[in-house]
Colleague: 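Handing you a structure now.
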Amino acid sequence: MSHDITRPNNKTKKKTGFIVKMQLNNNNNRGGNKRNIFVFFFFFRNYYTWILWFLLSFYLFTSYFSGEDQSSSPSTIRLLSNHKTSSSLPSRALIESSAITTTSIDMFSGMKIYVYNLPASYNDDWVKSSERCATHLFAAEVAIHRALLSSVVRTLDPEEADYFFVPVYVSCNFSTSNGFPSLSHARSLISSAVDLISVRYPFWNRTQGSDHVFVASHDFGACFHAMEDMAIEEGIPEFMKKSIILQTFGVNYKHPCQEVEHVVIPPYIPPESVERALERAPANGRRDIWAFFRGKMEVNPKNISGRFYSKGVRTAILKKYGGRRRFHLNRHRFVGYRSEIVRSVFCLCPLGWAPWSPRLVESAVLGCVPVVIADGIKLPFSDTVQWPEISLTVAEKDVKNLRKILEHVAMTNLSAIQRNLHEPEIKRALLYNVPMKEGDATWRVLEALRRKLGDRSYRRSRVLSQ
């Protein structure tokens, strides 16, 4: 048998690259072929085990080195993108590994934010006039601004920005007699800032502000009023209705003060105050206060424009449980009240004028189970923070049964809720840090903005259209 390999004739209709011709040579010595077959059979029968062993060894040897090559393949990157902690963020150990070059900015899909450099009268001057501006419950507007200035997503080139952050502090006017911030100037101050940037830069006018971000960390968000009826009447300023608002106000039903693209964020709690409270916690970790609330509670709530403070919920709690041994209720202010939270099992978080309050965050980060009493409230970062696993929700009409509800929880799943509260990711997600830390409140804001890139980034829409 011989093998002749020839190129096909151009005239042939077959499309093969080569034709193998096999010709049998009848050399009149058929007996020789039979002997060759006999010798081959004899050799294989006596040495087939060695042949099989060799083939198996060769297979295992090549498989080993093939596996080694795969270990340094893109599966490492897949591990980084698929590996999730309980906070839905990549592990710090993976991020900081010298073998992985993925950076924080990659986690935000390369998102870039330009922070407008406004005159100090819009922001820093307010902090200089009162240090409280950067520490009170509405100070998220200050904390987010400062965190963005040193953030990896910040760009100094507005042409490459996906978003534009407008840093205006409107919650620092403490000119009122009761010490609470006045919002009467908020609309005019923000309007002035928008007029300024729309003259100096082309970016607002090209999208009517749809890729611009504001913070409205007040009772009813960008409606800029502490009373709901007045907030609804005045509504969101027309020039802000196409922008993105980072606001503490949020409800799970239709409301005029959230009819704008928005992200519900936590109120500001100074991280330093949380650490001080934890340092003063009982060394044995014992919580000797069963149910706790300190704050405004009116025995006879005033009728203000047909509305009652807290819809009468706080008054109902005071009348029903005031003086009860297991309920630690106090109407008077106390600077060190966080040292009471850290000693408490359940912390009551009833609505005030607005559904939300700083107690939601204070309770959670200090390990006290938040008891949310505010119908329809939308809690901050509810798409990533599993509030049902770290808090209780009690309907406003059920406060009369509050003791029975808490007792039932104490006998059933209290331990599980407390374990969840002790997860470090919970405290991290609800606190603002400067500079920003992985997984903290500003980080969560950036994650929320990243998810809106497809609809909001003018720069990316231009790239896709080209």
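Count residues from 1 along the sequence.
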Colleague: Measure from the side-chain N and O atoms of T315 to the backbone N and O of E298, and report whether any donor-acceptor pair falls under 3.5 Å.
Modeller: yes

Colleague: Specify the closest pair of heavy atoms between A161 and R459, including all atoms of both residues, with the distance to one decimal.
Modeller: O-CB, 3.7 Å

Colleague: Please determine if K296 forms a cation-pi arrangement with Y309, meaning its NZ or CZ atom is less than 6.0 Å from the six-membered ring centre and no more than 45° off the ring axis.
Modeller: yes

Colleague: Go through R307 and E228 one step at a time and tell me if the salt bridge (Lys or Arg N to Asp or Glu O under 4.0 Å) criterion holds.
Modeller: CA-CA 9 Å; R307 302 179 65 86; E228 186 173 17; 2.7 Å; yes

Colleague: Please report the shortest heavy-atom distance between S171 and H218, naming the atom on each side.
Modeller: OG-CD2, 2.7 Å

Colleague: Do S121 and D125 get their side chains close enough for a donor-acceptor pair, meaning under 3.5 Å?
Modeller: no

Colleague: Looking at K241 and I236, what are the two nearest heavy atoms and their distance?
Modeller: CE-O, 3.3 Å

Colleague: Can you check whether N401's main-chain N or O pairs, donor with acceptor, with D398's side chain at less than 3.5 Å?
Modeller: no

Colleague: Run the salt-bridge test on K452 and E447 with the 4.0 Å N-O cut-off and return the result as yes or no.
Modeller: no

Colleague: H136 pairs by ring-ring contact (aromatic ring centres under 6.0 Å, His included) with which of F180, Y268, Y169, F174?
Modeller: F174

Colleague: Which pair of non-hydrogen atoms, one from W353 and one from F220, has the smallest distance, and what is that distance?
Modeller: O-CZ, 3.3 Å

Colleague: When you look at H212 and Y116, which way does the side-chain contact (heavy atoms from CB on, under 4.5 Å) test go after all the steps?
Modeller: CA-CA 10 Å; H212 284 58; Y116 283 113; 2.7 Å; yes

Colleague: Heavy atoms only: give me the nearest V342-A277 pair and the separation to one decimal.
Modeller: CG1-O, 3.9 Å

